[in-house]
Colleague: 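One structure, as structure tokens, below. Some questions next.
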Amino acid sequence: MAFEQSLSQIAPSVSEAVTRERDRQESTLGMIASENHVSKAVLEAQGSVLTNKYAEGYPGNRYYGGCQHVDTVEQLAIDRATELFDAEHVNVQPHSGTQANMGVYFAALEPGDTILSLALSHGGHLSHGHTVNFSGQLYDVEQYEVDPETGYIDYDELAAQALDVDPDIIVSGSSAYPREFDFERIGEIAHEVDAYHLADIAHVTGLIAAGIHASPVEHAEFVTGSTHKTIRAGRGGLIICDEKFADDVDSAIFPGAQGGPLMHNIAGKAAGFAEAQTAEFEAYAEQVVSNAKRLASRFEAGGLSLVSGGTDKHLMLVDLRDSHPELTGKAAESALNDVGIIVNKNTVPGETRSPMVTSGIRVGTPALTTRGFGGTEMETVADLIVDVLDSPDDDRVRDRVTSTVDELCEEFPIYE
Ligand code: DSN
């Protein structure tokens with residue numbers, strides 16, 4: 001019976017691709033700011049028999065029988081997140097950060113209402129109202145930008161813009177803004193114009209859980225996040241909201257936006273949230289930020305320009321236009337990829353190239369910090385990146401960098 005066969009027996013090509021992907025992760029430096037390596041415990045939970053169970057509804061109130069054990073798991077995930085974020089209500093069912101945002105929009109807005117959010121090319125996210133995403137198609141969208149000189153959000157300008165466009169919701173949070181948001185100020189701006197405040201903390205969920213990044217929970221009616229980035233709890237999303245919106249949010253997620261919850265992923269969240277409650281996780285989160293600041297300083301010493309001149313958190317945005325005007329983000333990503341350093345091309349404020357080409361790269365430290373990299377290693381990695389950007393076609397540089405990357409990967413294994 002097929003049940004007796006291993007993955008490599010029943011689907012050898014899939015098995016081989018999984019093994020190769022594991023090897024790729026072990027043998028390269030993952031610096032995509034939104035990625036991380038989960039623990040074996042989270043992998044075990046996500047690969048469990050909970051994938052077999054339908055559980056439409058919520059703990060204690062399901063549409064199917066046999067939900068007693070998945071109820072336990074989901075309630076644990078909810079309780080842990082409630083504690084971690086000092087929340088009134090948490091929904092752990094969103095399949096992703098985008099689904100979480102969808103849940104909030106469905107709960108708080110009517111089609112045609114106005115969203116005011118950070119533009120994608122200034123660090124925002126597709127689900128904050130981009131025209132190619134449902135959010136930009138269902139809602140009227142106005143966008144704010146960072147100050148072109150400083151790279152920071154100008155909150156006075158945002159306040160004036162909010163008065164002007166009269167939004168129904170203001171979205172804070174980003175995919176590529178290297179500075180902390182002033183959640184309190186955005187909350188005040190939103191409330192002055194009678195709008196809701198949605199804080200999308202996808203990137204910084206782990207930093208907030210660890211208490212080393214300001215929390216928006218007091219200053220936003222709705223907070224959304226993803227669970228696989230800095231918090232290392234496996235792929236998925238979550239919504240935190242004031243108690244008075246709990247029923248609206250829960251019914252917006254199910255039955256509004258989703259069907260059966262992914263209970264194996266919710267088990268991953270419950271496991272990852274337990275890890276996030278430890279002192280070890282707090283030390284990890286502190287190291288993520290300290291590593292990012294060290295990397296940023298070394299980049300600048302190596303002649304690279306960073307949007308806003310640095311970082312407050314786990315990521316930075318290298319603007320190649322000053323230092324390497326001919327080198328596109330796409331070419332930089334590719335040259336680094338060839339030597340085993342994995343980053344993503346990224347638009348920069350005032351971008352003139354297409355999003356598939358770009359003039360920048362986004363670089364993050366969560367995954368390398370999980371491997372055990374500290375400040376010294378970050379400086380080594382910064383130097384390697386600068387060397388490759390300076391001489392992307394020089395084979396001697398490529399060989400030297402590749403061999404240092406190999407040594408670092410061997411010294412800091414992920415799962416072995
Ligand atoms: N794709 C994620 C990122 O890289 O930031 C956001 O969803």
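Since we're looking at a predicted model, the values are computed, not measured. Counting starts at 1 for both ligands and their atoms, following the listed order. Each residue takes its place number in the sequence, starting with 1.
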Colleague: I'd like to know whether ligand 1 has K229 as a neighbour, heavy-atom separation below 4.0 Å.
Modeller: yes
Colleague: As a quick check of understanding, evaluate side chain to side chain donor-acceptor pair (under 3.5 Å) for H203 and H314, giving each step before the final call.
Modeller: CA-CA 8 Å; H203 268 258; H314 63 297; 3.0 Å; yes
Colleague: May I ask you to check whether over 12 heavy atoms, not counting those of R235, lie within 6.0 Å of atom CZ?
Modeller: no
Colleague: If you measure from the Lys or Arg side-chain nitrogens to the Asp or Glu carboxylate oxygens, is any gap between K330 and E333 under 4.0 Å?
Modeller: no
Colleague: Is K313 paired with E180 through a side-chain N to carboxylate O contact shorter than 4.0 Å?
Modeller: no
Colleague: Please check atom 1 (N) of ligand 1 for a protein heavy-atom neighbour under 4.0 Å.
Modeller: no
Colleague: Can you name the closest pair of heavy atoms from T82 and I78 and give their distance?
Modeller: OG1-O, 2.6 Å
Colleague: Only heavy atoms of S175, strictly under 4.0 Å: list the atoms of ligand 1 that pass.
Modeller: 5 (O), 6 (C)
Colleague: Suppose I only count heavy atoms of R362 and a 4.0 Å limit; which atoms of ligand 1 are within that range?
Modeller: 3 (C), 4 (O), 5 (O)
Colleague: What residue and atom, counting heavy atoms only, is the protein's closest point to atom 7 (O) of ligand 1, and at what distance?
Modeller: H125 NE2, 2.8 Å
Colleague: Around atom 5 (O) of ligand 1, find the nearest protein heavy atom and jot down its residue, atom name and distance.
Modeller: H203 NE2, 2.7 Å
